[in-house]
Structure formats: C-alpha cells, structure tokens
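These notes are about the structure you will find just below.
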Protein chains: 2
Amino acid sequence: MSTTTSEASGTGRRAGLDRDDIVERALEMVEQGGAAALTMRKLASELAVTTTTIYWHVGDREELVSSIIERVALRQAEFWVEGESARDRVMCVARHVWRSALAHRNVTALAHQVGATSLLELPLEIALARELDAAGVRGVAARDAHRAILMCIAGFLVVAFRSEGLAASGQRNQPHALWADVVDDSIAPVTLAAMRVPPQLDPLFETTLSAVVHSFVPAATDPSHSTEATRSTP
Amino acid sequence: MSTTTSEASGTGRRAGLDRDDIVERALEMVEQGGAAALTMRKLASELAVTTTTIYWHVGDREELVSSIIERVALRQAEFWVEGESARDRVMCVARHVWRSALAHRNVTALAHQVGATSLLELPLEIALARELDAAGVRGVAARDAHRAILMCIAGFLVVAFRSEGLAASGQRNQPHALWADVVDDSIAPVTLAAMRVPPQLDPLFETTLSAVVHSFVPAATDPSHSTEATRSTP
DNA sequence: ACCTGAACACCGTTCAAGT
DNA sequence: ACCTGAACACCGTTCAAGT
C-alpha cells in the first residue's frame with residue numbers, strides 16, 4: 001500500500017516506479033503547493049526519473065489529474081449522514097460537501113480548473129440524491145433541488161477560495177478592500193462599514209443553504225427512518 | 001475613440017500604438033478565443049509589434065488583464081433597475097449580474113482565474129447594495145444578504161461555464177454523463193432518469209435566487225419609491 | 001519616447017533509441 | 001517492459017540596444 005515503491009525498490013531493473021506511486025506523489029505536490037505546483041517536469045525530478053517515464057506510466061497531465069481526483073473522491077466518500085428530519089439529513093450532506101472541499105482545497109481547485117468537479121464529488125452527489133429520495137423528493141423535482149443545493153455550495157467554495165488566494169498574494173481586488181473606496185449616498189454608512197469587513201462564511205453558509213433546502217425539501221412526510229446515522233457508501 | 005490607432009497611424013515615427021488600442025485588441029481576443037487565447041506573444045503579433053512593446057505600454061499580463069476587466073466592468077454597469085417591490089428590484093439586479101456574466105462569459109472566466117471577479121462586478125455589487133438599503137436591509141444584515149446572493153449567483157455561473165466548457169471539448173465528466181453509470185437502490189428510477197438530463201438553468205436560477213432573497217429581504221416595509229425604473233449608475 | 005533582438009527560465013508532449 | 005536524451009512548439013519576462 002504505502003511502501004515507497006511497489007515491490008523491489010532498487011533491486012529490480014530500473015527505477016521500480018509504480019503508477020500508484022506517481023499518482024500519490026502528484027497528489028502530495030498538489031496538496032502542498034496548489035494546482036500550479038503540479039508540473040510533469042517537477043514531478044519527474046522529484047521521483048528522480050525523466051518526464052517521459054511519467055508519460056509511459058500514467059499518460060498525459062489530464063490523465064494524471066483524473067487519477068488524483070478519483071483517489072480523493074474515494075476518500076471523501078466515507079462519512080456518516082445523521083439527523084432526525086429529512087431536511088437535517090440533507091443539510092448534513094451539504095455541510096460535508098462544503099467541509100471536505102475546504103479540507104482538500106487544492107485538489108478541489110484543480111478539479112475545478114480541468115472541469116472534473118463532478119468526478120470529484122460524484123459519491124457525495126449520490127449521497128445527496130439518496131437523502132432527497134428519502135425526503136420524498138423525486139424525479140425532476142429531485143434533480144432541481146439537487147442542482148440548486150450543489151450550485152449554492154459551489155458559489156460558497158468559489159468565494160472561499162478566492163479570498164484565501166487573494167489574501168495570500170496581493171491584497172487588492174479583495175471585495176472588502178474594493179468597498180473601502182466606495183462612496184455612495186444611497187447606501188447607509190453602517191452598511192458601507194459592514195461591507196469593509198469580510199463575512200464569516202460558515203454561519204452564512206448555514207443560513208443560506210437552509211433557506212434553499214427549506215424551499216426545495218418539504219417539512220416532513222413519513223418518518224420511515226429514525227435518528228440513527230447512515231453510512232454514505234453502500 | 002475607435003479609430004484603429006489613436007492619432008497618426010502610419011505617419012508617425014513607429015507603430016503608433018496606443019495603450020487603449022492594445023487593451024481593446026486583447027479584449028477582443030479574450031471574447032473570441034477565451035482566457036487561454038490571450039497570450040502576450042499572440043497579442044503582439046496581431047498588433048504587428050514585438051512582445052516587449054506590449055510590456056512598455058501596459059505592463060505585464062496581470063496589468064493587461066486588469067485593464068480589460070475594468071473596461072468590461074464599466075460597460076456592464078449601465079442598466080436599469082425595475083420592479084415594484086423591494087424584492088423584485090433586488091431580483092432584477094441579481095438577474096442582471098447573472099445575464100451580463102453570461103454575455104461576457106470569457107471575460108468573467110478570465111476575471112475568475114486571476115481573482116479579479118469583484119473588480120469586474122463592483123458596480124453591480126454597489127447597485128445591489130443600494131436596493132438592499134432601499135428594502136430596509138442595512139449594516140451586517142445587508143452584508144450577509146449581499147454576499148449570500150452573490151455567492152449563489154457565482155455558483156450558478158461556475159456550473160454554467162463548466163457545462164459549456166465540457167460540452168465543447170470531451171463530453172465525459174459532465175454531471176449527467178457521470179450519472180448515466182450510477183445504479184443505486186436507494187434512489188428512485190424516475191430520479192436517476194431525471195439526473196441524466198441537464199437542467200434548465202434559467203428557471204432554476206429564478207426559483208433558487210428568490211428563495212434566498214425571500215429569506216434575507218423582508219416582504220415590504222415602506223413604499224418610498226414607486227414602480228419607476230432607476231438607472232444603476234449615478 | 002517608443003520599439004526591436006536576443007536571451008532566460010520555464011511549460012507539455014513526442015519520438016527514436018537504448019537495455 | 002521500462003526508461004533515457006534530444007527535440008519541438010509553446011509560454012511570460014527582462015535587458016541592452018537602437019532611433
């Protein structure tokens with residue numbers, strides 16, 4: 001599993017490199033240095049091989065990225081859904097999507113860049129669909145609720161990553177920094193002042209998402225399953 | 001204004017290049033070919049100069065991008081806010097953010113990549129804050145409503161761009177394509193079927209955003225201003 | 001003031017060749 | 001089967017030099 005190389009490290013013929021080792025090392029590079037830090041050349045040199053070796057084992061950068069994402073997707077898929085009401089359980093899944101994306105921020109950003117977000121979140125999307133089904137939301141209504149919830153989460157993530165990225169580099173172009181220069185008679189001074197301090201995303205996530213959930217998921221239909229927690233993976 | 005070069009085209013000493021001409025040409029490149037099509041070298045060769053000339057006039061790529069964004073931001077800022085109730089007027093601004101971002105999709109994507117989204121949308125953010133103020137939402141409550149609304153819009157945009165980008169290139173990794181392989185007993189067949197056809201974003205935007213607006217903006221306080229449309233720019 | 005040429009330090013990807 | 005070397009076609013950016 002995690003022995004540095006798969007079988008014979010230096011004993012064998014060549015570098016003894018495994019496809020798994022390469023993907024794992026690439027994943028580490030992304031988690032440490034962000035999406036931009038993942039370079040075929042750097043990855044090769046860290047593994048002490050030529051770039052062409054990477055191509056032989058895993059294919060081009062797109063395939064490498066897909067492998068990374070699939071790996072993280074599996075790890076994110078294991079969690080417990082709890083809550084008494086259907087709405088609570090839906091919120092629980094939504095929260096997990098939000099939190100696990102923040103926990104693997106760099107991989108999430110990478111997936112977003114290459115358009116593989118759904119690949120990363122498919123297991124969680126399925127878990128969400130299950131809870132909607134249990135709540136009595138099915139068919140087109142389920143799809144719309146599903147998409148609406150996920151899109152809101154996506155928005156929160158985009159903004160969360162943006163603030164972090166900008167805070168790390170130059171501080172201009174931050175929303176609250178830009179609002180510092182705004183003068184407008186139609187806006188109350190208290191509001192302008194509030195705009196200049198960045199919001200707490202977690203509580204705002206909670207209130208916004210429950211507004212969306214409330215409008216798409218009915219209050220309670222039949223109490224078919226009780227309080228007990230359910231594992232997300234079958 | 002839009003004379004190909006600012007003053008003397010070929011009469012003058014050299015290329016007769018203006019900073020404005022360069023930014024305008026760069027904007028065209030982005031709008032036609034997307035963010036990746038904007039290359040310092042390509043831009044230079046389209047203007048029949050060396051890359052160093054670009055650097056002399058506008059600075060590095062980041063400054064060029066900022067100039068592009070500021071230009072589009074100004075154009076997006078001109079619109080009319082209409083609606084009788086406060087909620088209607090807030091929704092009107094939200095819709096305009098959504099639609100103008102779709103209209104300038106490539107610039108929006110570019111701004112998102114370099115973390116300058118707030119720069120692009122600042123005028124519209126201000127317009128939104130005005131309507132919230134008129135609705136009686138002020139201070140921290142206004143900021144939270146403001147951010148919640150904009151984050152939901154951001155989520156819709158991310159998903160909209162993602163589907164387009166994936167539809168253009170390879171079709172795998174599309175949400176509905178991934179759902180085609182899902183088999184799950186806990187999810188109703190009607191739901192699985194619905195998941196496999198992509199949703200209509202516009203109506204979903206409408207219902208989702210009004211759910212959010214309803215939860216953050218009170219129904220009606222004082223009818224201080226009537227039905228008449230208001231210009232967004234002062 | 002305005003522009004060029006050449007160079008540096010990077011990318012991803014491929015292809016023939018080695019063992 | 002596994003890996004290397006060299007090359008191609010790109011990037012952004014800088015610096016000395018020209019007129």
Side-chain angles (χ1 to χ4, degrees), chain A residues 4-26 29-30 33-69 109-110 113-116 169-170, chain B residues 4-26 29-30 33-69 109-110 113-116 169-170:
Chain A
T4 321
T5 52
S6 59
E7 287 191 344
S9 359
T11 34
R13 300 130 192 278
R14 299 285 178 182
L17 254 192
D18 197 347
R19 185 194 161 100
D20 249 44
D21 299 327
I22 297 177
V23 174
E24 190 59 33
R25 192 87 195 82
M29 287 177 68
V30 172
L38 178 61
T39 280
M40 303 302 271
R41 297 176 118 104
K42 279 183 196 163
L43 174 59
S45 84
E46 291 215 6
L47 292 167
V49 289
T50 331
T51 47
T52 30
T53 305
I54 311 287
Y55 282 85
W56 194 89
H57 279 290
V58 308
D60 62 10
R61 192 176 190 272
E62 202 177 315
E63 290 184 59
L64 175 62
V65 167
S66 288
S67 299
I68 292 174
I69 290 167
L110 175 64
Q113 278 178 23
V114 302
S169 61
Chain B
T4 319
T5 52
S6 57
E7 287 192 342
S9 357
T11 32
R13 304 138 186 269
R14 299 287 179 179
L17 255 190
D18 197 347
R19 184 194 162 99
D20 249 44
D21 300 325
I22 298 178
V23 174
E24 191 59 35
R25 193 84 194 82
M29 287 177 67
V30 172
L38 178 62
T39 279
M40 302 302 271
R41 296 176 119 105
K42 280 183 194 161
L43 174 59
S45 85
E46 292 215 6
L47 292 167
V49 289
T50 331
T51 47
T52 32
T53 305
I54 311 289
Y55 282 85
W56 194 89
H57 279 290
V58 309
D60 62 9
R61 192 176 189 271
E62 203 178 313
E63 289 184 59
L64 175 63
V65 168
S66 287
S67 298
I68 293 175
I69 291 167
L110 175 63
Q113 277 177 23
V114 303
S169 60

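Values below: all heavy atoms of this structure, side chains included; hydrogens, waters and symmetry mates excluded. Below, chains carry the letters A, B, ... as their sequence lines are ordered, and counting in each starts from 1.
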| field | Residue that, paired with Leu43(B), satisfies side chain to side chain contact (heavy atoms under 4.5 Å, CB included) out of Ile54(B), Thr51(B), Val23(B), Val49(B) | value | Ile54(B)
Expressed as a whole number of angstroms, how long is the span from [X]:[atom1] to [N]:[atom2]?
| X | N | atom1 | atom2 | answer |
| --- | --- | --- | --- | --- |
| Tyr55(B) | dC11(D) | OH | P | 11 Å |
| Met40(B) | dC10(D) | CE | P | 18 Å |
| Asp60(B) | dT14(D) | CG | P | 7 Å |
| Leu64(B) | dT13(D) | CG | C1' | 14 Å |
| Asp18(A) | dC3(D) | CG | C1' | 15 Å |
| Ile54(B) | dT14(D) | CD1 | C1' | 15 Å |
| Ile22(A) | dC2(D) | CD1 | P | 11 Å |
| Leu38(A) | dG12(C) | CG | C1' | 12 Å |

Just N and O in the side chain of [X]: are any of them under 4.0 Å from OP1 or OP2 of [N]?
| X | N | answer |
| --- | --- | --- |
| Thr51(B) | dG12(D) | no |
| Thr39(B) | dG12(D) | yes |
| His57(A) | dA1(D) | no |
| Thr50(B) | dT4(C) | yes |
| Lys42(B) | dC11(D) | yes |

| note | Scanning both residues in full, the closest heavy-atom pair of His57(A) with Leu17(A) reads CE1-O, 3.3 Å
| request: Taking all heavy atoms of Ala37(B) and all of Met29(B), pick out the closest pair and write down the distance. | output: O-CE, 3.3 Å
Between [options], which one does the side chain of [X] approach most closely?
| X | options | result |
| --- | --- | --- |
| Arg41(B) | dT13(D), dC3(D), dT13(C) | dT13(D) |
| Arg61(A) | dC3(C), dC2(D), dT13(C) | dT13(C) |
| Thr53(B) | dT4(C), dA6(D), dC2(C) | dT4(C) |

| message | Could you measure the distance from the CG atom of Leu64(A) to the CD1 atom of Ile22(A)? Nearest 0.5 Å is fine. | response | 8.0 Å
| field | dC10(D) and dA9(C), which share atom name P, separated by this distance in whole Å | value | 22 Å
| task | Go through the side-chain N and O atoms of Thr39(A) and Arg61(A) and say whether any donor and acceptor fall under 3.5 Å apart. | result | no
| task | Return the nucleotide paired to dT4(D): Watson-Crick means purine N1 to pyrimidine N3 with N6-O4 or O6-N4, wobble means G-U with N1-O2 and O6-N3, both under 3.5 Å. | result | dA16(C)
